[in-house]
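For reference, the structure is listed below as structure tokens.
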Protein chains: 2
Amino acid sequence: MSEKADFNELTERQQHLLRALVEHYISDGQPVGSRTLVKESGLSLSAATVRNVMADLEDLGLIKSPHTSAGRIPTNKGYRLFVDSLLTVEKPTQEEVERICNRIEAEDNIQAILDKTSSLLSEVTQLAGLVMVPRIEAQSLRHVEFLPLSENRVLAILVINDKDVQNKVIHTRRPYTSSELEQAANYLNQVFAGRDLSSVRSHILNEMSEAREQMTQLMATVIEMTNALDLGKQQQDYVIAGQTNLMGYDQMADLDKLRQLFEAFNQKQDILHLLDQALEGQGIQLFIGEESGYEALEDCSIVTSTYESDGEILGVLGIIGPTRMPYKKVIPIVDVTAKILGSALKSMS
Amino acid sequence: MSEKADFNELTERQQHLLRALVEHYISDGQPVGSRTLVKESGLSLSAATVRNVMADLEDLGLIKSPHTSAGRIPTNKGYRLFVDSLLTVEKPTQEEVERICNRIEAEDNIQAILDKTSSLLSEVTQLAGLVMVPRIEAQSLRHVEFLPLSENRVLAILVINDKDVQNKVIHTRRPYTSSELEQAANYLNQVFAGRDLSSVRSHILNEMSEAREQMTQLMATVIEMTNALDLGKQQQDYVIAGQTNLMGYDQMADLDKLRQLFEAFNQKQDILHLLDQALEGQGIQLFIGEESGYEALEDCSIVTSTYESDGEILGVLGIIGPTRMPYKKVIPIVDVTAKILGSALKSMS
DNA sequence: TTTAGCACTCTACCACTAAGAGTGCAAAAA
DNA sequence: TTTTTGCACTCTTAGTGGTAGAGTGCTAAA
């Protein structure tokens, strides 16, 4: 065989046939044989020649046959090469874009926007949609309130970035009175309103050491409160929609596999870790099959895109589905959705 | 045949055999035939006699055979009769009770308690656990706060029952200043702290009409705020855990059915409606198969119990699984879990 | 009323076959 | 050297028939 066996330098013909094979398999779901491929590719070659090429591609680990007398299907490596260098994406229609745009912008609070985005992703692609909730780097403290509960418990309410409210029950060492708490809150509001949340704690410790000798009851209260609040520690989370879409694909017909997958969705941690990786990568990112590193996802591909506003990356969103998915359509949809979400979030503030 | 064909008056023997059949089928999963049933029942009868009885039970619609030469399995009507009058429940072990008790009481806020309860239900029964979030009839207002956001938006924070925090962005007709809002909040806090939430609105309208002529700016503000808050209107919700457990049962092997079920879980409304019915019914309640009235649940049974504290019903919890489930164990577990949850919520306040 | 006997039915399993799809290889053609 | 033709071979799928086992319903006897 004179075809270059070099992975990085497939011949024109190899590329052409690989692309045709992957595309046909994606739309058909059946292993594709040499005869079919000849017709599909448009090349004027005989089936035998195509067979030779296919044998080469198989040697390269790009395609495989499920059994002797079936056609070939792409391996994950094959999919990877396909999306990296053979794929011609198909821009979403104006209609689709507008639909996404309108429906996202109709929502009026962050949670609703994320939910809608996720369900739109799943609806348009017929896969499962994922949206990581934005990690707001700059969490600026707007307002603090402490309310004494029974005994040694205090309810803390934080208003962050002018609209998000977090609350937390703090278990304290000793009971505090309303007025103590009020003073502490007033102090914090006066000194730290508008400041970045993650810096509040260190600032307080600074000020405390400066004024150690005149350490007041107030200061002690403030310190206990802020310590307990775990400021700046933001728990990550994501919103998922359309999991049930995944139950329709033959590739996911294995109930055990499907179960593992759904458990991963519930557990959240693995998926979060993956989204975290995608966050590092910036822009569009694909994980095909075992590339994700999780057994539960070994038959799945994940397509993600970071979303940003004002050039700052806020989070990541995407879809998850079987490795055999219409990348051509899915990738651009994830892309525009990320852009739309970014600007929707921006216009919220 | 001389057996009474009256549905309400099965003979001893019919009851005995039906019980044996249902129990055997529940633990085995296989249709049970006359020979097996003879052994199982402990009666000294021949298989032929048992066959006659089975034929009668089939005429009554209590059992059926999947095909000619298989044994019989209970119909939903059969299950119903079984749980209503043949079932001898099996008290949960001390161990199980303590495990549930300890793990629920280890949690420190309502959401965590509900989550844990739900996942314990699913863990212990190997089915899916459901917990409806309590509808707190008496929502006593503890504290109100209003913060102006950009333009015509105000962030309202309500502290209810000393520990739950609700917040909502209110779109107002005109911009309000901080001090206006502060005054309104002060007014509400002074007059209505500790009062029942659902009554606040009507009280305000009353007072307004009394003092109509001296209608102040303050009053107008207060009214707009409270109107926008939609006080007392509480949206229902539930917590679910262990859905994936359901993927293991042969009865639920049909992917399409399973998918419908999972969609119902996501949609929430049907399940909520069902839980609502269970709430009316008080105490333990079973829905077997089509009794629930939802197609997605036609192969499922739901076992619920209301939970209460101080004699007041707060909500409902339970499990959902295939109609073929170990009712004998499941029912008492749902029962004690409801009691434990009730007292855990009580000790929270 | 109950039991024994028996014919009958249906499923599950197995082995076998035939058709169809697709391959790989070797020799011929370009 | 590359491509094609021809062909033997492999494997899947669907269908067939046959058998064993489980269970039933019915009838006649106990």
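Within every chain, numbering begins at 1; the chains are lettered A, B, ... in the order of the sequence lines, protein sequences first and strands thereafter.
- The distance between atom CG of A:D56 and atom P of D:dT2, rounded to the nearest whole Å, is 11 Å.
- Between A:S46 and the phosphate of D:dT4, there is a side-chain N or O to OP1/OP2 separation shorter than 4.0 Å.
- Remark: side-chain polar atoms of B:E23 are not paired, donor with acceptor, to backbone N or O of B:A20 under 3.5 angstrom.
- Just one of A:I26, A:T75, A:N76, A:D299 meets the side chain to side chain contact (heavy atoms under 4.5 Å, CB included) condition when paired with A:T323; it is A:N76.
- A:H67 places its NE2 atom 17 Å from the P atom of C:dG20, with the value rounded to the nearest Å.
- Side chain of B:Q251 to backbone of B:R324: a donor-acceptor contact under 3.5 angstrom is found.
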Under a 4.0 Å heavy-atom criterion, the protein footprint on nucleotides 21-30 of chain C, written with B, S and -, is BSBBB-----
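- Ring geometry for B:Y327 versus B:Y79: interplanar angle of 30 to 60°, hence tilted.
- The salt bridge (charged side-chain N to carboxylate O under 4.0 Å, His left out) with B:E58 is formed by just one residue from the set B:R72, B:R51, B:K64; it is B:R72.
- Nucleotide D:dC11 holds its P atom 18 Å from the NZ atom of A:K64, rounded to whole Å.
- Atom pair B:L45:CG and C:dA4:C1' shows a separation of 14 Å (rounding to whole Å applied).
- Between the side chain of B:Q277 and the backbone N or O of B:L274, no donor-acceptor pair lies under 3.5 Å.
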